[in-house]
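To start, the structure under review is shown below, and the notes come after it.
Owing to the predicted nature of the structure, the values given are computational and were not obtained by experimental measurement.
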Amino acid sequence: MGRRLKVLAIVLGLLGVGLGGTLWWFFRAEEIPDQLEAPEDPRTLVIPGIGSQPTLDASLLEGKTTFFVFAGIASMRAEEGQRINRALNRWILPEGVQGFIVFDAEGLGFLAEKSEEYMERFSSETRYPTYGDFTGAFRTVFKMPRGHHGLVVVSPQGEVTMRKSGGAGSDAELEEVRALLGAQEPPPGPAVPEFSLDSLDAAACAREPCAVMFLGRPITRKDIPGIDGGFEGEDEAKWAQMRLPVVRNVGSALKLELEGARGVIVGDVGDLELAPGWSAVADDARAREAFGLGPDADAFLILREGRVAFRGEGVIPMYELGRISDLLGAEFDFED
């Protein structure tokens, strides 16, 4: 369901490799049968929470339509289910509909305690609560093959109304899920105000998508973890650094090459070398006022077809980056 969940998958995998290497066997991709085996009663599902999480069981399902996204190392690496994941992250859900992410960690119960710190951190980066399933309870109840993205929907009465393995990616499948959940696409957003930043203005951003990023303070290379000459420190310090809005936003922009779209960073970027398609200008009070932003606000705006299609202020959770990618027609490259 997002970059941070993928990182969690890698972390658990690396922990396993460090303990002998053979644990990769647990994350193999099984064949998807032509017809899934009949599920058991969803109300028998029990997945213990990690840290402060409540147990995921019948008490959390009662009286609500519930969907589950089932993910593991193999499916995250293959980006299987990316379209449905991004749709679930952007859709507006009606009251009475809830979702959970279940990460397949069957066979790695001895890593549950080690993973608690990561799960606690990642909880703020995903839209829906994420559970590590170390006992295989989810597969036992819903009969889902390992190594593939899974989607399960359960009615308020406890009936399984949908099961899909392998990712729901076609327009027809997305519409089927949307209708079943009663979800809606987000509204188009307000009209883009009159502004001028570098070569971008309201007219230009009506012709092609634009990204406009306002910085609350100056930033330099040494502020950003994970780049040459960047921020140095222990893992916990790096995590805290990436929770700073200006670091999160600029660090993400460095991984986003724009083609068919343009971006401008409004503020002091020091010695940073920006990705293709991006430019930087000095802070601009008039532009801030046009978009209703204070003098020290951090904001990431996507302008598309004359509308402010996305507006994120402060720390933008990682799951929102999929929506930004779709609106700009460009993918973040966090692999290097």
Side-chain angles (χ1 to χ4, degrees), residues 1-2 4-5 8-9 11-12 26-27 30 36-76 81 84-85 88-89 91 93-165 167-168 177 180-183 317 319:
M1 295 291 287
R4 290 294 153 188
L5 184 58
L8 174 59
V11 166
L12 287 173
F26 288 102
F27 299 99
E30 299 176 343
L36 296 175
E37 183 182 346
E40 298 180 6
D41 186 344
R43 290 167 292 191
T44 63
L45 178 68
V46 178
I47 300 179
I50 295 177
S52 60
Q53 286 183 316
T55 298
L56 178 53
D57 58 16
S59 67
L60 294 186
L61 309 186
E62 187 176 0
K64 294 184 178 181
T65 295
T66 304
F67 66 85
F68 300 93
V69 171
F70 184 56
I73 287 179
S75 63
M76 296 300 291
I84 184 60
N85 288 348
L88 291 169
N89 279 334
W91 282 341
L93 301 176
E95 187 175 351
V97 176
Q98 64 180 350
F100 297 96
I101 304 167
V102 177
F103 183 81
D104 181 13
E106 183 181 354
L108 295 179
F110 55 91
L111 295 179
E113 185 175 343
K114 292 179 179 290
S115 69
E116 180 175 342
E117 177 184 357
Y118 293 98
M119 296 290 282
E120 291 284 352
R121 290 179 182 179
F122 298 154
S123 65
S124 62
E125 303 289 354
T126 58
R127 181 178 179 183
Y128 307 105
T130 301
Y131 280 77
D133 182 11
F134 293 94
T135 66
F138 189 87
R139 290 199 318 112
T140 298
V141 171
F142 294 110
K143 312 303 182 186
M144 305 295 282
R146 296 196 80 170
H148 295 283
H149 179 281
L151 178 67
V152 176
V153 181
V154 178
S155 75
Q157 295 74 37
E159 299 174 349
V160 177
T161 55
M162 175 181 286
R163 280 188 306 159
K164 291 183 179 292
S165 181
V177 177
L180 182 60
L181 298 179
Y319 77 83

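- Among Thr55, Asp133, Leu60, the one residue that satisfies the side-chain contact (heavy atoms from CB on, under 4.5 Å) test with Ile47 is Asp133.
- A 4.5 Å side-chain heavy-atom check between Lys64 and Pro156 finds every atom pair outside the cut-off.
- Atom CD of Glu62 sits in a sparse spot, with 12 or fewer heavy atoms from other residues, nucleotides or ligands closer than 6.0 Å.
- Applying the ring pair (Phe, Tyr, Trp, His ring centres under 6.0 Å) criterion to Phe138, with sequence neighbours excluded, gives Phe68, Phe70, Phe142.
- Applying the side-chain contact (heavy atoms from CB on, under 4.5 Å) criterion to Ala168, with sequence neighbours excluded, gives Ile84, Lys164, Glu173.
- For Thr66, the side-chain hydrogen bond (donor to acceptor under 3.5 Å, both in side chains) partners at least two apart in sequence or on another chain are Gln98.
- When all heavy atoms of His148 and Ser165 are compared, the closest pair comes out as CB-OG, 3.7 Å.
- Residues Phe67 and Leu93 form a side-chain contact, since some pair of their non-hydrogen atoms from C-beta on lies under 4.5 Å apart.
- With rounding to the nearest 0.5 Å, the separation of CG in Leu45 from CD in Glu40 is 10.5 Å.
- For the residue pair Gln53 and Thr130, the shortest heavy atom distance occurs at NE2-O, 2.6 Å.
- Between atom CD of residue Glu159 and atom CG of residue Asp41 there is a gap of 10.0 Å, rounded to the nearest 0.5 Å.
- For Ser124 against Pro317, the heavy-atom pair with the smallest separation is O-CB, 3.7 Å.
- Distance check: Arg127 CZ to Asn89 CG gives 6.5 Å after rounding to the nearest 0.5 Å.
- With Thr161 as the fixed residue, the side-chain contact (heavy atoms from CB on, under 4.5 Å) test singles out one of Val154, Val152, Leu180: Leu180.
- Counting all heavy atoms, side chain and backbone alike, Pro145 lies closest to Glu30 at CA-OE1, 3.5 Å.
- Looking at Leu151 and Leu88, their side chains come closer than 4.5 Å, going by heavy atoms from C-beta outward.
- Minimum interatomic distance between Gly99 and Pro129 (heavy atoms only, all atoms of both residues): O-CD, 3.4 Å.
- No side-chain heavy atom of Asp104 sits less than 4.5 Å from a side-chain heavy atom of Met144.
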